[in-house]
J.: 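Would you mind keeping the following structure in view while I ask a few things?
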Amino acid sequence: MADTNKQIASIFNQMADVLQILDANRFRIIAMQKAARVVKELTTDTASMTHAELLSLDGVGKGTADKIVEFCETGQMIEHNELLKEIPKGLPDLLNIPGLGAKTVALLWKEADIVSIKSLERALKKPELLTSIKGLGQKKIDMIAKNLAFAEQAGKRHTIGRAHLKAVYFVAQLRQLKEVKQAAYAGSLRRGKETIGDIDILVAADPKHASIVTERFTALEPVEDVMLSGKTKTSVRTKGGIQVDLRIIAPESYGAALMYFTGSKEHNVVLRERAQSMGMTLSEYALTDKQTEKTVAARTEEEIYKALGLDFIPPELREDRGEIIAAEEHKLPKLVTQRDIHAELHAHTHASDGLLSIRELAGLAYDRGFHTIAVTDHSKSQVQAHGLDEKRLEQHIKDIHAVRDEMAGKIHVLAGSEVDILADGKLDYPNSLLKQLDIVVASPHSALSQTGKKATDRLIKAINNPYVHIIGHPTGRLLARREGMSPDMNTIIKAAADRGIALEINANHHRLDLRDTHARAAIEAGCLLAINTDAHRPNDFNELQYGLLTARRAWAEPKNIVNCFAEDKLMGWLKSCRP
DNA sequence: GCCGTTTTCGGCCCGACTGTTTTCAGTCG
Ligand SMILES: Nc1nc2c(ncn2[C@H]2C[C@H](O)[C@@H](COP(=O)(O)OP(=O)(O)OP(=O)(O)O)O2)c(=O)[nH]1
Ligand SMILES: [Mg+2]
Ligand SMILES: [Mg+2]
Ligand SMILES: [Zn+2]
């Protein structure tokens with residue numbers, strides 16, 4: 001299962017931390033961090049891969065492949081164990097203190113015997129001992145003391161829903177200034193990542209007006225603390241505990257800056273290497289010819305990609321996951337957009353735990369321009385959600401049919417169910433009942449800590465039920481709350497592809513399940529996907545945007561998404577899943 | 001430690017902000 005990949009990635013990152021404190025070659029450290037990232041993003045369990053397959057991964061060489069094999073066979077890595085012996089156990093924790101890096105951590109350890117956050121706290125009570133160390137002054141010690149409190153929340157990430165709302169507020173505020181020519185959020189938020197580390201905002205303004213912009217920014221109501229502020233760059237922490245980075249750039253560099261600030265870091269590095277190899281250099285200011293020092297492109301992202309010999313790469317793809325080669329070969333996907341979505345296939349009414357009537361739900365979907373809405377309330381085991389027993393479902397079907405007839409000619413109203421996949425993979429209704437439904441979404445809601453074969457078998461059983469159309473939120477994860485199941489995703493994908501049914505990208509920003517990498521693996525295996533909001537309330541329809549971002553990060557085109565099918569095609573597909 | 005339409009050895013992105021520095025290192029984006 002992918003748990004192994006996660007463990008290996010975590011070990012590589014730990015090793016990188018230790019090596020950093022030990023002042024090892026920085027490129028070796030970068031290589032190790034890259035290997036960690038590549039393994040972590042892999043859908044295929046490394047334990048099932050051959051040495052040669054491992055070597056074929058970008059960023060995995062002989063050393064890394066050997067270590068992965070060693071871990072899969074023995075459950076540990078000798079080099080990892082050896083490295084851990086080199087430094088005190090609590091020392092890497094110090095790296096979580098903002099502004100404190102490996103060099104200073106090593107200094108504190110060697111010169112002041114500081115071995116953990118606890119011993120640092122003690123040492124800070126006698127700061128004169130610390131400031132006497134060469135390279136440490138009063139200000140640095142003050143900074144450490146201040147930032148100590150934030151070590152714990154370092155690395156904590158925010159849901160995209162929350163970060164998006166805040167970012168829209170900051171951008172709107174900054175746009176009110178007449179000095180601001182353009183403003184946009186960038187970073188992981190623009191790339192549509194499932195969780196957001198911080199909010200990155202770019203402003204185009206004449207450099208001589210930069211201080212006006214900075215002053216307005218730091219004076220905004222949610223700003224709690226200004227962490228750092230210069231002529232072009234300011235970082236603040238909000239009262240809600242989100243970091244916001246503001247970058248101010250001259251309008252003529254806006255494209256280069258947007259590209260830089262959108263990232264990802266890994267994407268930027270590859271582009272900059274590419275520029276180098278073409279006799280140019282790329283920064284947040286411009287793409288520049290090295291010989292003539294003339295600007296080749298800077299104003300728009302499109303111009304810069306073009307000058308680098310690349311098709312425009314949508315932000316969601318900028319992760320160094322093969323997009324640069326694809327852009328060079330004109331093989332980027334035509335990504336799904338909001339306009340391509342014509343159906344909602346997973347939504348609730350007040351029959352179970354939704355707030356809407358069938359009629360209201362259908363009306364909202366119609367207002368969105370959809371040709372189809374599926375009513376899929378919970379099944380009987382979902383007691384806390386007022387799941388419907390067989391008798392209630394039979395009545396519910398009649399009620400849905402009544403609305404269906406009412407809305408005929410406007411929108412198709414499908415009678416469906418979100419039937420629970422029980423812990424053993426059985427469904428919560430008998431087939432005789434499922435058969436009467438136009439559409440069946442089968443989802444796991446309990447026993448979500450299952451791993452490996454148990455989780456895999458459970459989902460496969462549901463996939464192979466002849467009346468199921470969609471597996472809803474397949475892992476059951478809740479971002480920042482629970483991991484969800486970790487089945488063998490390749491096996492799940494293969495089974496769903498063979499049956500011709502769809503795996504869901506649940507668009508709710510707490511779920512985003514399937515995640516981007518798994519959804520991409522599904523598409524590559526020819527498996528259909530559904531993007532559903534799982535609406536319980538009117539506003540939930542707006543969650544679609546997050547599901548779309550995730551689908552785009554999975555390189556999804558409309559043909560991969562059942563919600564994009566035209567009416568006939570959708571009805572044909574629903575039929576084709578059934579015996 | 002990884003990698004190769006100039007390379008199997010010698011590179012590996014580029015710049016802002018801060019502090020302690022008298023010319024630059026550390027950290028971060
Ligand atoms: N060229 C270059 N760009 C970087 C580097 N680090 C960060 N960036 C750029 C790309 C990032 O997307 C952007 C914003 O940095 P962040 O640290 O906020 O990362 P990002 O928003 O991608 O992820 P996050 O969710 O905030 O952790 O700045 C770097 O080392 N080199
Ligand atoms: Mg960010
Ligand atoms: Mg940032
Ligand atoms: Zn649901």
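Below, read A as the first sequence line, B as the second, and so on, with proteins coming before strands; counting in each chain starts at 1. Just the heavy atoms: all of them, side chains too, but no hydrogens, waters or symmetry mates, feed the values below.
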J.: Which label fits B:dT5, syn or anti, where anti is any glycosidic angle not within 90° of 0?
T.: anti

J.: Would you check if A:L95 and A:I21 make a side-chain contact, meaning some heavy-atom pair closer than 4.5 Å?
T.: yes

J.: Report which part of the nucleic acid A:V60 touches: base, sugar-phosphate, or nothing (heavy-atom distance under 4.0 Å, all strands).
T.: sugar-phosphate

J.: Which value, in whole Å, describes the distance between the P atoms of nucleotides B:dT27 and B:dT20?
T.: 13 Å

J.: Among residues at least two apart in sequence or on other chains, which ones pass salt bridge (Lys or Arg N to Asp or Glu O under 4.0 Å) with A:E543?
T.: none

J.: Could you check whether A:K231 gets within reach of a base, just the sugar-phosphate, or nothing at all, counting any heavy atom under 4.0 Å?
T.: sugar-phosphate

J.: Map A:E273 and A:G63 onto DNA chain B by nearest heavy atom, then report which one ends up closer to the 5' terminus.
T.: A:G63

J.: Locate the shortest heavy-atom distance separating A:N5 from A:L42; write the atom from each residue and the value.
T.: ND2-O, 3.4 Å

J.: Identify whether any heavy atom of A:L271 sits under 4.0 Å from a base atom; if not, whether one sits that close to sugar-phosphate; answer base, sugar-phosphate or nothing.
T.: nothing

J.: Indicate yes or no: at least one non-hydrogen side-chain atom of A:E82 is less than 4.5 angstrom from one of A:K85.
T.: yes

J.: Look at all strands and tell whether A:A275 reaches a base, only sugar-phosphate, or nothing, counting heavy atoms closer than 4.0 Å.
T.: nothing

J.: Taking atom C1' in both B:dT8 and B:dG1, what distance in whole Å separates the two?
T.: 15 Å

J.: Would you check if A:L282 and A:Y260 make a side-chain contact, meaning some heavy-atom pair closer than 4.5 Å?
T.: no

J.: With side chains defined as the heavy atoms from C-beta onward, is the minimum distance between A:D23 and A:K103 less than 4.5 Å?
T.: yes

J.: Side chains of residues 318-328 of chain A: which donor-acceptor partners sit under 3.5 Å, not counting sequence neighbours?
T.:
| unit_1 | atom_1 | unit_2 | atom_2 | d |
| --- | --- | --- | --- | --- |
| A:R318 | NE | A:Y305 | OH | 3.0 |
| A:R318 | NE | A:I313 | O | 2.8 |
| A:R318 | NH1 | A:E301 | OE2 | 2.9 |
| A:R318 | NH2 | A:E301 | OE1 | 3.0 |
| A:R318 | NH2 | A:I313 | O | 2.9 |
| A:E319 | OE2 | A:R191 | NE | 2.8 |
| A:E319 | OE2 | A:R553 | NH1 | 2.9 |
| A:E319 | OE2 | A:R553 | NH2 | 3.1 |
| A:D320 | OD2 | A:R37 | NH2 | 3.1 |
| A:R321 | NE | A:E41 | OE1 | 3.2 |
| A:R321 | NH1 | A:D516 | OD2 | 3.4 |
| A:R321 | NH2 | A:E41 | OE2 | 3.0 |
| A:E323 | OE1 | A:D320 | N | 3.2 |
| A:E323 | OE1 | A:R321 | N | 2.7 |
| A:E323 | OE2 | A:H267 | ND1 | 2.7 |
| A:E323 | OE2 | A:E319 | N | 3.1 |
| A:E323 | OE2 | A:D320 | N | 2.6 |
| A:E328 | OE2 | A:R274 | NH1 | 2.7 |
| A:E328 | OE2 | A:R274 | NH2 | 2.9 |

J.: Identify whether any heavy atom of A:Y285 sits under 4.0 Å from a base atom; if not, whether one sits that close to sugar-phosphate; answer base, sugar-phosphate or nothing.
T.: sugar-phosphate

J.: Anything under 3.5 Å between a donor and an acceptor, one on a side chain of residues 219-229 of chain A, the other on a protein residue two or more places apart or in another chain? List them.
T.:
| unit_1 | atom_1 | unit_2 | atom_2 | d |
| --- | --- | --- | --- | --- |
| A:E221 | OE2 | A:K239 | NZ | 3.2 |
| A:D225 | OD2 | A:K146 | NZ | 3.3 |
| A:D225 | OD2 | A:R237 | NH2 | 3.0 |
| A:S229 | OG | A:T234 | OG1 | 2.9 |

J.: Please identify the 5'-most and 3'-most nucleotides of DNA chain B with any atom under 4.0 angstrom from a heavy atom of chain A.
T.: B:dG1 to B:dG29

J.: Decide whether A:D66 and A:H51 meet the rule of one side-chain donor and one side-chain acceptor closer than 3.5 Å.
T.: yes

J.: On a whole-Å scale, what distance lies between the C1' atoms belonging to B:dG10 and B:dG15?
T.: 24 Å

J.: Counting only Watson-Crick or G-U wobble pairs whose two distances fall under 3.5 Å, which nucleotide matches B:dT8?
T.: none

J.: Roughly how far apart, to the nearest Å, are B:dG4 and B:dC13 at atom P?
T.: 15 Å

J.: May I ask you to list the residues of residues 293-332 of chain A, by number, that have any heavy atom positioned under 4.0 Å from an atom of DNA chain B?
T.: none

J.: For a quick check of understanding: with a heavy-atom distance under 4.0 Å over all strands, which category does A:L57 fall into, base, sugar-phosphate or nothing?
T.: sugar-phosphate

J.: Contact class for A:N268 (heavy atom, under 4.0 Å): base, sugar-phosphate, or nothing?
T.: nothing

J.: Counting any heavy atom closer than 4.0 Å, what does A:T64 reach on the DNA or RNA strands: base, sugar-phosphate only, or nothing?
T.: sugar-phosphate

J.: Looking at side-chain heavy atoms only, is the closest gap between A:C72 and A:D45 below 4.5 Å?
T.: no

J.: Assign A:Q243 to base, sugar-phosphate, or nothing according to its heavy-atom contacts below 4.0 angstrom with the strands shown.
T.: sugar-phosphate

J.: Give me the distance, rounded to whole Å, that separates B:dT21 from B:dG26 when you measure between the P atoms they each carry.
T.: 13 Å

J.: Starting at the 5' end of DNA chain B and moving along, which residue's nearest nucleotide shows up first, A:T232 or A:N25?
T.: A:N25

J.: If I pick the P atom on B:dT22 and the same atom on B:dC14, what distance separates them, to the nearest angstrom?
T.: 30 Å

J.: Please classify the nucleic acid contact of A:R26 as base, sugar-phosphate, or nothing, using heavy-atom distances under 4.0 Å.
T.: nothing

J.: Applying salt bridge (Lys or Arg N to Asp or Glu O under 4.0 Å), can you list everything that pairs with A:E128, at least two apart in sequence or on another chain?
T.: none

J.: In whole Å, what separates the C1' atom of B:dC9 from that of B:dA16?
T.: 33 Å

J.: What nucleic acid atoms does A:I30 come within less than 4.0 Å of, heavy atoms only: base, sugar-phosphate, or nothing?
T.: nothing

J.: At under 4.0 Å between heavy atoms, what does A:I29 touch on the DNA or RNA strands: base, sugar-phosphate, or nothing?
T.: nothing

